Structures are given as C-alpha cells and as structure tokens.
K.L.:
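To start, I am sharing the structure in question, which I have written as structure tokens.
This one's a predicted model, so the numbers in the text were calculated from it and none came from an experiment.
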Amino acid sequence: QVQLVESGGGLVQAGGSLRLSCAASGRTFSSYAMGWFRQGPGKEREFVARISYSGAITSYADSVKGRFAISRDNAKNTVYVQMNSLKPEDTAVYYCAASRLSIGSKRSDDYDYWGQGTQVTVSS
C-alpha cells in the first residue's frame, strides 16, 4: 500500500513558477514509477509527466515539454514537478500517482495509487 500526499499548489501569475511535491508513505517507494496528471475545469484527466522507479527515465506531455521537469528523491520518498513559464491553460488540479510498471505510463489506468490532488491556478 502506498499513500500519496501532494503539496505546493497555489495561485500564480502567468509566466511564474511553482514546484509541486508528492510525499509517499511506505518503504517501497523506490520500486514504483511515478506520474503527474492534471484535470482542468470541464476537462478529462490528462498525463503530464512520468519518471521511472530509478529516476533515469522521464517523459512529458507535449504541452509541458521544456517547461516542466519531473524528479524524485527516493531517500525522501518524494517526487517533484518543477513548473516554469506557467500559462493560464495549466490551471488544473494536479495529481501524483504510483505505478508498478518500471517506467510508468501515460495511461492513468496503469497507476495503482493516487493522491488527493493539489490545485494550481494560473492567472493571466
């Protein structure tokens, strides 16, 4: 069992930055790939970024590539996403998720555990 708690969301102006954190419980965090997803108002949940269990492999949605960076610290049981050059269309609830697949996935169905989400609002 893995419990995930996101933090770091908030209100930011367009062009600003935020760093989201996701703290995981349990001693098996390092065996899970991690992903970030988001769900904007009136939209379906969408993939944002993923990172392999070791941290060696990452991938991003085209909409955030070059602006967001996912990372993890297995010693701290935490995964991060650094979000730069934020745009109003990045406004969403952001969720972290854990997957037993070694490199994770872009599909939400491939994730086994989810956090409760943190709100990110980008004003224009």
K.L.:
Set out, in order, the CA-CA distance, both residues' side-chain angles and the distance that settles side chain to side chain contact (heavy atoms under 4.5 Å, CB included) for Ser59 and Lys106, then state yes or no.
P.N.:
CA-CA 9 Å; Ser59 70; Lys106 295 182 179 181; 4.2 Å; yes
K.L.:
Do Leu20 and Leu86 sit in one hydrophobic cluster, given that two such residues count as connected whenever their side-chain heavy atoms are within less than 4.5 Å of each other, even indirectly?
P.N.:
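Cluster IDs for Leu20 and Leu86 match.
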K.L.:
Rounded at 0.5 Å granularity, tell me how far CZ in Arg72 sits from OG1 in Thr58.
P.N.:
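Here the interatomic distance stands at 12.0 Å.
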K.L.:
Less than 4.0 angstrom from a charged side-chain N to a carboxylate O is my criterion; do Arg38 and Asp90 meet it?
P.N.:
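Looking at Asp90 together with Arg38, the answer is yes, because their closest N to O distance falls below 4.0 Å.
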K.L.:
Transitively linked via ILVMFWY side-chain contacts under 4.5 Å: Val79 with Leu18?
P.N.:
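Yes, Val79 connects to Leu18 through the hydrophobic network.
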K.L.:
Hey, are the side chains of Val5 and Gln116 touching, using non-hydrogen atoms and a 4.5 Å cut-off?
P.N.:
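With C-beta onward as the side chain, the pair touches.
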K.L.:
Calculate, to the nearest 0.5 Å, the distance between atoms CE and CD1 belonging to Met34 and Ile103 respectively.
P.N.:
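One gets 15.5 Å once the value is rounded to the nearest 0.5 Å.
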K.L.:
Which heavy atom of Gln82 sits nearest a heavy atom of Ser17, and at what distance?
P.N.:
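It is NE2-CB, 3.9 Å.
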K.L.:
One pair to check against side chain to side chain contact (heavy atoms under 4.5 Å, CB included): Gln119 and Thr91. What are the steps and the verdict?
P.N.:
CA-CA 8 Å; Gln119 177 70 47; Thr91 294; 4.0 Å; yes
K.L.:
Taking all heavy atoms of Leu4 and all of Cys22, pick out the closest pair and write down the distance.
P.N.:
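Closest pair (atom of Leu4, atom of Cys22, distance): CB-SG, 3.9 Å.
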K.L.:
Distance check, rounded to the nearest 0.5 Å: Ser99 atom OG versus Asp112 atom CG?
P.N.:
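One finds 5.5 Å between OG of Ser99 and CG of Asp112.
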K.L.:
So do the side chains of Met83 and Arg67 get within less than 4.5 Å of each other, counting heavy atoms only?
P.N.:
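With C-beta onward as the side chain, the pair stays apart.
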K.L.:
Go through the steps to decide whether Asp110 and Ser105 satisfy the test side chain to side chain donor-acceptor pair (under 3.5 Å), and finish with yes or no.
P.N.:
CA-CA 6 Å; Asp110 289 332; Ser105 169; 2.6 Å; yes
K.L.:
Could you pull out the closest heavy-atom pair between Ser52 and Ala56, with the gap in Å?
P.N.:
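Closest approach of Ser52 to Ala56: OG-N, 3.2 Å.
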K.L.:
To check you understand the geometry: which heavy-atom pair defines the closest contact between Arg50 and Gly104, and what is its length?
P.N.:
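Heavy atoms of Arg50 and Gly104 come nearest at NH1-O, 3.3 Å.
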K.L.:
Look at the side chain of Gln39 and the backbone N and O of Tyr94, then say whether any donor-acceptor pair between them is shorter than 3.5 Å.
P.N.:
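Pair absent, no side-chain N/O of Gln39 close to backbone of Tyr94.
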K.L.:
Checking Trp114 against Phe37 for the ring pair (Phe, Tyr, Trp, His ring centres under 6.0 Å) test, could you report, in this order, the C-alpha distance in whole Å, the side-chain angles of both residues, the deciding distance, and whether it holds?
P.N.:
CA-CA 10 Å; Trp114 291 82; Phe37 290 76; 5.1 Å; yes
K.L.:
With Tyr53, which residues qualify under ring-ring contact (aromatic ring centres under 6.0 Å, His included), at least two apart?
P.N.:
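Partners of Tyr53 by the ring-ring contact (aromatic ring centres under 6.0 Å, His included) criterion come out as none, since no residue qualifies.
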K.L.:
Would you give the length of the straight line joining atom SG of Cys96 to atom CD1 of Ile70, rounded to the nearest 0.5 angstrom?
P.N.:
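Cys96 SG to Ile70 CD1: 9.5 Å, rounded to 0.5 Å.
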K.L.:
Nearest 0.5 Å, please: how far is OG in Ser108 from CD in Glu46?
P.N.:
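With rounding to 0.5 Å, CD (Glu46) is 11.5 Å from OG (Ser108).
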K.L.:
Tell me, yes or no, whether the heavy-atom count around Glu89 atom CD, taken from other residues, nucleotides or ligands under 6.0 Å, exceeds 12.
P.N.:
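Yes.
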K.L.:
Spell out, yes or no, whether Tyr95 and Val122 are grouped together once hydrophobic residues are joined by side-chain heavy atoms under 4.5 Å, including indirect joins.
P.N.:
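No, because Tyr95 and Val122 fall into different hydrophobic clusters, even though each may have its own neighbours under 4.5 Å.
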K.L.:
Tell me, with the steps shown, if Tyr111 and Arg100 meet side chain to side chain contact (heavy atoms under 4.5 Å, CB included).
P.N.:
CA-CA 7 Å; Tyr111 288 81; Arg100 292 187 176 92; over 6 Å; no
K.L.:
Could you pull out the closest heavy-atom pair between Val48 and Phe68, with the gap in Å?
P.N.:
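The answer is CG1-CD2, 3.7 Å.
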K.L.:
What pair of heavy atoms forms the shortest contact from Ala33 to Leu101, and how long is it?
P.N.:
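Taking every non-hydrogen atom into account, CB-O, 3.1 Å.
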K.L.:
Is Tyr32 linked to Trp36 within one hydrophobic cluster, defined over Ile, Leu, Val, Met, Phe, Trp and Tyr using a side-chain heavy-atom separation of less than 4.5 Å?
P.N.:
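Per the 4.5 Å side-chain linkage, Tyr32 and Trp36 are co-clustered.
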K.L.:
Is a side-chain donor or acceptor of Thr118 paired with a backbone partner of Gly9 at a separation under 3.5 angstrom?
P.N.:
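Side chain of Thr118 to backbone of Gly9: a pair is present.
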K.L.:
Test of understanding: clusters of I, L, V, M, F, W, Y form through side-chain heavy atoms closer than 4.5 Å, transitively. Do Val64 and Phe47 belong to the same one?
P.N.:
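No; Phe47 is not reachable from Val64 via cluster members.
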K.L.:
Return the OH to OG1 distance between Tyr80 and Thr78, rounded to the nearest 0.5 Å.
P.N.:
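If we round to the nearest 0.5 Å, Tyr80:OH and Thr78:OG1 are 4.5 Å apart.
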